[in-house]
Amino acid sequence: MSNYYVTTSLPYVNGEPHLGHAMEFVMGDVLARYARQRGDTVIFSTGTDEHGGKIAEKAAELKITPKELADQMEAQFRKLAEILAISNDRFIRTTDHGHEQRAQLIWQALKKDIYKGKYSGWYCTGDEAFFTEAEVKANNGVCPNHNRPYEKVQEENYFFKLSKYTIPIRKSIESGDLAVIPATKRNEILNILKDGLEDISISRPKEKISWGVPVPGDSKQVMYVWFEALMNYITVIGYPEQKEFKLFWPAAIQIVGKDIARFHAAIWPGMLLGLGLALPRKLYIHGFINVDGKKMSKSLGNYVSPDEIINKYGPDAFRYYFLRHIPSYNDGDFSWQHFEAAYNNELADELGNAVQRTVAMIQRYQDGIIGDIPPAKHDIAQYEQAIEDCHFDRALDEVWEQVRGLNQYIDEEKPWEIAKQDDADHLREVLAYQTGALLEIAGLLAPFLPATAAKIQAVFKDGLVHPLEETLFPKHDTKPAKS
RNA sequence: GGCGGCGUAGCUCAGUUGGUUAGAGCACAGGACUCAUAAGCCUGGGGUCAGUGGUUCAAGUCCACUCGCCGCUACCA
């Protein structure tokens, strides 16, 4: 029994929820549910990142305020979490007053590592961003996104002395105090750290970007959105004074996508060290999801929304595919063909049908009475280790070993023959075993497919069969969906 | 340019510290059965383990080089 704090990264609200967001929600949910099942006290936090120039710009285009835009988008992410049955305890918005106030406290606490400096670089007003010398040269001095020349801009910004934390961060990662998984990502991070981190700009002039948290004591500057957004992981549990913060920090694990690994493996630890706080115990970095082998994009015409899949196949099928068939340590691919194959073969035919045939036999041969159910005991060490390592795909492989094993058992025992031989005791024994095995599977499945697990448990409740109104995973016609 | 990874059956991938006939799932083919969502079970075909050369009694597994992919990172002129 211990306290377990897990976070996802906060989606930036400049775009609609996509498959990657959904997958990250689901991964966090598995860890949270698993920890709760084990008896831990859990805080699982997710939310939305809402400040910054891009949001302000997009809102202006839509002729609404940044906050109105953020409200709209936040609602979408919240809804996605809901329909996926994500069991988050918190949903933080970086525009929450509590976050903004605590962000300012953090700034002040980091004051000793903050200094004012000049930042100069090539700027594109269209992108509201700076570009490197190399990029500018590569494009012959003209921004390809907006077809306008880059401007040489000098800004006065606040800087954070990230450089001084290079060595302690590196040591933490090398020692495993901050475990970065998978190992390939860990190596990449260490490679970055090897050369030393540079101090980073952490504010923007308010005249350029006003949609942000004000820098304490300087009305002309707002915090750079990244710097401020990272703080959510501690503001949401009440840094610095709340009891919860003291009980739950450091986080057991933080989940992020590979595009923002650097922020979480370098800048965020630097901030924490500056605050004198412990680093999270684990950082899990997942990959990207392609569609039909290509990067998903609306312009390529291969865009698939989470809703589209969930509406057709349900949340558990969605969870299943993205946990088992998107490699936990790599980029993965979604295709309707593969999804439907997984759904029909594995969920409907193997798991769903195993439940169905067991139910049918108990009803037919024993009037729905199961009797004593011996608890099945398989070795689940591999399963547990896989979850510990965020190897969600392997954990489900382990569960499916049992599903297959059960189907084999049924075919070997042939309960229908035992029934013909009128050996009631033996028959009862076999069917009770099947039930026990299914209940064990349901237990293992619970963090991954919560609704399915609950249904299986309900079917065999109290030694009696309570037939499902609808099969677990009804088969679908395998007509390829129009995308 | 630096660091790292990958290239194994049609497809997606496992292959521990080098050691008997190289594995799984999907797909494909055949078979026996009938409790079940025409599901499940059994059997089988199919690979010069990218290439070349080496170390070794023995290499998919170690070394060198070549070819082809990819990631991170730096940046010349």
Side-chain angles (χ1 to χ4, degrees), chain A residues 132-138 180 182-198 257-263 265-266 285-288 290 292-293 295 317 321 324-335 337-366 368 382 386 391 393-394 396-401 403-421 427 430-431 433-435 438 452 455 459 465 467-478:
Chain A
T132 64
E133 198 78 25
E135 284 174 296
V136 173
K137 262 187 185 156
V180 178
T184 52
K185 295 296 168 199
R186 177 175 178 272
N187 291 339
E188 287 180 10
I189 300 296
L190 287 172
N191 191 30
I192 294 171
L193 289 167
K194 198 179 62 194
D195 298 328
L197 299 167
E198 289 180 9
K258 68 178 186 180
D259 52 329
I260 55 174
R262 191 180 182 152
F263 290 94
I285 300 165
H286 67 253
F288 289 161
N290 294 315
D292 295 325
K295 186 176 155 77
Y321 184 86
R324 187 171 186 207
H325 291 295
I326 299 295
S328 303
Y329 284 9
N330 248 314
D331 289 355
D333 193 57
F334 172 87
S335 71
Q337 203 186 1
H338 189 195
F339 183 92
E340 282 159 0
Y343 179 91
N344 284 326
N345 298 350
E346 295 157 20
L347 291 175
D349 293 348
E350 293 182 324
L351 176 61
N353 187 53
V355 173
Q356 192 60 30
R357 65 199 301 209
T358 300
V359 165
M361 286 189 268
I362 295 169
Q363 284 189 290
R364 181 157 161 179
Y365 303 138
Q366 296 179 174
Q382 304 263 336
H391 244 315
D393 48 0
R394 289 193 187 170
L396 282 170
D397 286 346
E398 288 297 318
V399 179
W400 247 255
E401 284 297 312
V403 175
R404 286 167 185 248
L406 174 59
N407 277 320
Q408 286 165 359
Y409 172 84
I410 296 172
D411 275 85
E412 278 164 23
E413 292 294 333
K414 302 181 175 49
W416 50 93
E417 281 186 7
I418 303 174
K420 282 179 199 153
Q421 293 156 5
L427 184 59
V430 170
L431 295 180
Y433 175 84
Q434 287 178 223
T435 307
L438 282 170
T452 301
K455 280 184 198 166
V459 170
V465 158
L468 289 161
E469 310 208 344
E470 194 190 19
T471 50
L472 240 35
F473 296 99
K475 291 271 267 233
H476 284 57
D477 291 333
T478 50

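So that the names make sense, note that chain A is the first sequence line, chain B the second, and so on, each numbered from 1.
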* To do: Would you mind reporting whether A:Gln356 and A:Leu472 have side-chain heavy atoms less than 4.5 Å apart?
  =>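 They are not in side-chain contact.
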* To do: Just do the side chain to side chain contact (heavy atoms under 4.5 Å, CB included) check on A:Val359 and A:Val459 with the steps written out, would you?
  => CA-CA 8 Å; A:Val359 165; A:Val459 170; 3.4 Å; yes
Selection from [options] that lies nearest to any side-chain heavy atom of [X]:
| X | options | value |
| --- | --- | --- |
| A:Lys194 | B:rU37, B:rC35, B:rC3 | B:rC3 |
| A:Glu188 | B:rC72, B:rU73, B:rC35 | B:rC72 |
| A:Lys185 | B:rU37, B:rG71, B:rC33 | B:rG71 |
| A:Ala360 | B:rG15, B:rA36, B:rU73 | B:rA36 |
| A:Asn345 | B:rG71, B:rA27, B:rU37 | B:rA27 |

* Does a distance-only test, which skips hydrogens and angles, find a donor-acceptor pair under 3.5 Å between the side chain of A:Asn191 and the base of B:rG4? ->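 Donor-acceptor pair under 3.5 Å: no.
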* Do A:Asp349 side-chain and B:rA39 base share a donor-acceptor contact under 3.5 Å? ->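 No.
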* In whole angstrom, give me the gap between the C1' atoms of B:rG19 and B:rG7. =>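 Result for the C1' pair: 25 Å, nearest Å.
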* Using the P atom on both, measure B:rG60 against B:rG18 and round to a whole Å. =>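 It comes out at 13 Å once rounded to the nearest Å.
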* Please step through side chain to side chain contact (heavy atoms under 4.5 Å, CB included) for the pair A:Thr358 and A:Tyr433, ending with a clear verdict. => CA-CA 10 Å; A:Thr358 300; A:Tyr433 175 84; over 6 Å; no
* Asked: Counting just side-chain N and O atoms, does A:Arg357 come under 4.0 Å of either OP1 or OP2 of B:rG40?
  ->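 Looking at the OP1 and OP2 atoms of B:rG40, neither is under 4.0 Å from any side-chain N or O of A:Arg357.
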* Asked: Going by distance alone, is a donor N or O of one side chain under 3.5 Å from an acceptor N or O of the other, for A:Glu350 and A:Trp400?
  ->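 Note: A:Glu350 and A:Trp400 side chains meet the donor-acceptor criterion.
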